[in-house]
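In what follows, every chain begins at residue 1, and chains take the letters A, B, ... in the order their sequences are listed.
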Protein chains: 2
Amino acid sequence: MEHTTEYKDLVNQKQDFLPGISIDCVIFGFHENQLKVLLIKFGNTQIYSLPGGFIYKEESLDEAANRILDHRTGIEDTYLEQFYIFGDPKRVNPEEHRWIMQKNGIDLPSDHFLFNRHITVGYYALVDFTKIQPHSYLNHEESGWFDIYDLPETIAFDHREILTKALDSLRLLLDHKLAVFNLMPETFTMGELQSLYETILNKKLLRANFQRKMLSLGILERLDKKWGGGAHKAPYLYRFDSQKAEANKFSNQFEE
Amino acid sequence: MEHTTEYKDLVNQKQDFLPGISIDCVIFGFHENQLKVLLIKFGNTQIYSLPGGFIYKEESLDEAANRILDHRTGIEDTYLEQFYIFGDPKRVNPEEHRWIMQKNGIDLPSDHFLFNRHITVGYYALVDFTKIQPHSYLNHEESGWFDIYDLPETIAFDHREILTKALDSLRLLLDHKLAVFNLMPETFTMGELQSLYETILNKKLLRANFQRKMLSLGILERLDKKWGGGAHKAPYLYRFDSQKAEANKFSNQFEE
DNA sequence: TAATATTGTATCGTTGTGATACAATAAATC
DNA sequence: GATTTATTGTATCACAACGATACAATATTA
């Protein structure tokens with residue numbers, strides 16, 4: 001059983017973790033015009049969940065979230081922010097949880113700490129999809145990217161609700177900060193950027209107006225044209241220019 | 001010592017509470033053109049703190065926050081929302097905490113659970129100042145309202161940071177929801193409403209434009225004029241009309 | 001009765017935005 | 001190599017939103 005290492009941590013390290021609290025990460029990526037989230041499939045089941053973990057006793061919440069994210073994606077520095085804390089006492093069904101563990105060959109007593117009530121802090125990460133290679137850890141967990149609008153049927157616990165709230169928060173972020181550029185690769189066309197906005201907002205935008213608005217913000221550096229995209233005029237490539245953004249008083253809208 | 005009852009709870013009921021997690025409430029009110037927050041003064045000190053508490057094991061976070069708020073202000077139904085979770089392992093200095101308790105005649109061992117690391121969930125409440133009478137509980141705690149821009153010098157733990165974050169969140173709320181009307185009395189003049197906005201945003205607004213904007217939202221009911229306000233034209237009184245707000249597609253901007 | 005302070009509203013110019021149009025052009029097709 | 005095609009970059013028009021200013025209305029005071 002490939003999960004053993006991780007689960008051993010969970011099972012044995014109770015004394016190292018803060019009790020009764022966990023972190024769940026909604027890892028957003030953008031690929032082929034789809035907004036994706038990274039989900040983990042529990043072994044021997046069809047149940048998916050968010051990657052999560054616990055907080056060491058000497059660790060801040062942000063540090064824990066970064067550690068968990070690094071563990072799952074191999075990305076160390078990326079945009080990561082808490083968006084909500086989920087504290088319903090019935091948010092996790094301990095029977096469901098125990099059944100999942102059993103399916104993975106781990107038979108824990110029903111009074112094991114893992115099945116106690118846990119409050120969970122929701123973090124979302126905005127990662128550059130192109131920089132994430134299938135991590136060894138990912139394979140072990142049978143994790144994968146899913147279109148946020150086409151999620152698996154069975155999602156564990158209250159994780160579907162967490163995903164919904166994360167998407168809501170991401171939409172709010174669009175209005176206030178420029179953090180969504182963390183979802184784009186280093187260079188991109190205006191059409192690709194528009195596609196990201198459309199996917200997050202789940203509605204079509206007028207191309208001409210989107211371009212006008214984006215250029216007027218003064219945060220993009222225009223590079224060479226992108227050749228070979230098809231039988232049509234070649235689009236420019238752009239790069240997000242954080243210095244320009246700062247000069248244009250958008251400093252407070254990006255990366256805190 | 002008047003605190004005894006509450007502190008007894010804290011000291012003895014460890015087993016009833018979720019371990020390692022607390023709630024702190026930033027209770028906003030609006031009075032005499034000032035944005036106020038309710039702070040508690042620890043006995044025999046000059047140290048103020050936010051009213052807070054712990055979560056019972058069968059209670060949701062929102063329920064706990066409501067209970068704590070009710071306890072402090074006597075208000076049962078009001079606008080209450082979590083805004084951030086504070087999880088720095090050094091956010092509370094246990095020595096400072098123990099010293100404060102000692103000053104209140106409660107000498108706890110340094111390994112008492114109260115001095116363990118606690119993560120705290122920040123909630124803000126928007127209350128109608130005119131409906132809050134000095135609650136018996138308040139007197140006991142020597143609590144009082146403070147202008148958010150003129151806080152006491154000594155504020156315990158990381159509570160000043162929590163207050164700052166709460167004010168930031170309140171400003172965001174202004175853009176998205178109509179919840180700030182919870183801070184106003186039942187009826188008010190346009191000038192009073194403008195004063196609230198100016199106080200939250202900490203900047204002056206143009207009277208004519210503010211009035212035009214507010215009226216155009218179609219969320220206010222115009223009542224009789226308010227007489228006796230001085231040697232000038234009498235202003236109209238307004239009432240926030242949640243039905244109008246709903247009809248004008250603002251339903252999603254108010255009370256969830 | 002006149003003066004005063006404040007309120008309610010109108011107006012002007014500027015900016016931002018939705019909608020549409022059109023020229024430019026890289027690759028595919030003939 | 002000329003033509004076609006799909007897409008891009010930009011211009012334009014109408015309208016809404018907004019900052020700034022002006023002014024008439026009016027409840028109280030003098």
Side-chain angles (χ1 to χ4, degrees), chain A residues 32-33 171 174-176 178 184-185 187-241 244-245 248-250 253, chain B residues 32-33 171 174-176 178 184-185 187-241 244-245 248-250 253:
Chain A
E32 290 177 345
N33 294 341
R171 286 177 182 148
L174 263 195
D175 296 335
H176 294 284
L178 300 173
M184 297 300 283
T187 65
F188 48 86
T189 68
M190 195 58 80
E192 287 161 355
L193 183 61
Q194 182 178 344
S195 175
L196 172 66
Y197 272 73
E198 288 180 339
T199 308
I200 292 176
L201 296 172
N202 199 23
K203 68 175 178 188
K204 288 282 172 195
L205 304 174
L206 280 176
R207 184 182 60 85
N209 297 338
F210 181 82
Q211 179 134 338
R212 179 179 60 191
K213 176 66 179 171
M214 275 298 149
L215 292 179
S216 76
L217 289 177
I219 56 171
L220 296 180
E221 181 188 1
R222 179 175 281 184
L223 310 171
D224 292 337
K225 293 198 174 185
K226 180 186 182 183
W227 309 94
H232 51 74
K233 185 173 176 178
Y236 287 104
L237 283 174
Y238 294 91
R239 173 187 292 135
F240 176 74
D241 187 330
K244 277 191 184 178
N248 286 296
K249 318 266 180 169
F250 276 107
Q253 296 197 3
Chain B
E32 291 178 345
N33 294 342
R171 285 175 183 151
L174 215 49
D175 295 334
H176 294 286
L178 300 174
M184 297 299 283
T187 65
F188 48 84
T189 68
M190 195 59 79
E192 288 161 354
L193 183 61
Q194 181 177 346
S195 175
L196 172 66
Y197 272 74
E198 289 179 339
T199 308
I200 293 175
L201 296 172
N202 199 24
K203 69 175 178 188
K204 286 283 172 195
L205 304 174
L206 280 176
R207 184 182 60 84
N209 296 338
F210 180 82
Q211 179 135 338
R212 178 179 59 191
K213 176 69 178 168
M214 275 299 148
L215 293 179
S216 76
L217 289 178
I219 56 171
L220 296 179
E221 180 188 1
R222 180 176 280 185
L223 308 172
D224 292 336
K225 294 198 173 186
K226 181 183 182 182
W227 310 95
H232 52 74
K233 185 174 176 179
Y236 287 104
L237 283 174
Y238 295 90
R239 173 187 293 134
F240 177 73
D241 186 330
K244 278 191 184 179
N248 285 296
K249 317 267 178 172
F250 275 108
Q253 296 197 5

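Five base pairs at each end of the helix from dT1(C)-dA30(D) to dC30(C)-dG1(D) define two local axes, and these are offset by 10° (rounded to 10°).
Between the CG atom of Asn209(B) and the C1' atom of dT15(C) there is a distance of 14 Å, rounded to whole Å. Here dT17(C) presents its C1' atom at 16 Å from CZ of Arg207(A), a figure rounded to the nearest Å. In this structure, Lys213(B) places its NZ atom 13 Å from C1' of dG16(C), rounding to the nearest Å. Atom CG in Leu201(A) sits about 12 Å away from atom P in dG18(C), given to the nearest Å.
Asn202(B) and Arg171(B) make their closest contact through CB-NH2, 3.9 Å (heavy atoms, listed as atom of the first residue, atom of the second, distance). Asn33(A) approaches Thr199(A) most closely through the heavy-atom pair O-OG1, 3.5 Å.
The shortest side-chain heavy-atom distance between Phe240(A) and Leu178(A) falls under the 4.5 Å cut-off. Under the 4.5 Å side-chain criterion, counting only non-hydrogen atoms from C-beta, Leu220(B) is not in contact with Asp241(B). Met190(B) has its side chain out of reach of Tyr236(B): every pair of non-hydrogen atoms, C-beta onward, lies at least 4.5 Å apart. Between Tyr197(B) and Met214(B) the shortest side-chain heavy-atom distance falls below 4.5 Å.
With the nearest nucleotide of DNA chain D identified for both Leu206(B) and Gly191(A), Gly191(A) has the one nearer the 5' end. Both Lys233(A) and Thr189(B) lie close to DNA chain C; mapped to their nearest nucleotides by heavy-atom distance, the more 5′-ward contact belongs to Thr189(B).
Chain B approaches DNA chain D within less than 4.0 angstrom (heavy atoms of the protein), and the contacting nucleotides run 5' to 3' from dC18(D) to dT29(D).
A distance of 10.5 Å separates CD of Glu192(A) from CG of Leu196(A), quoted to the nearest 0.5 Å. Once rounded to the nearest 0.5 Å, the distance linking CD1 of Ile219(A) with CZ of Arg239(A) reads 14.0 Å.
Nucleic acid contact class of Leu215(A) (heavy atoms, under 4.0 Å, all strands): sugar-phosphate only.
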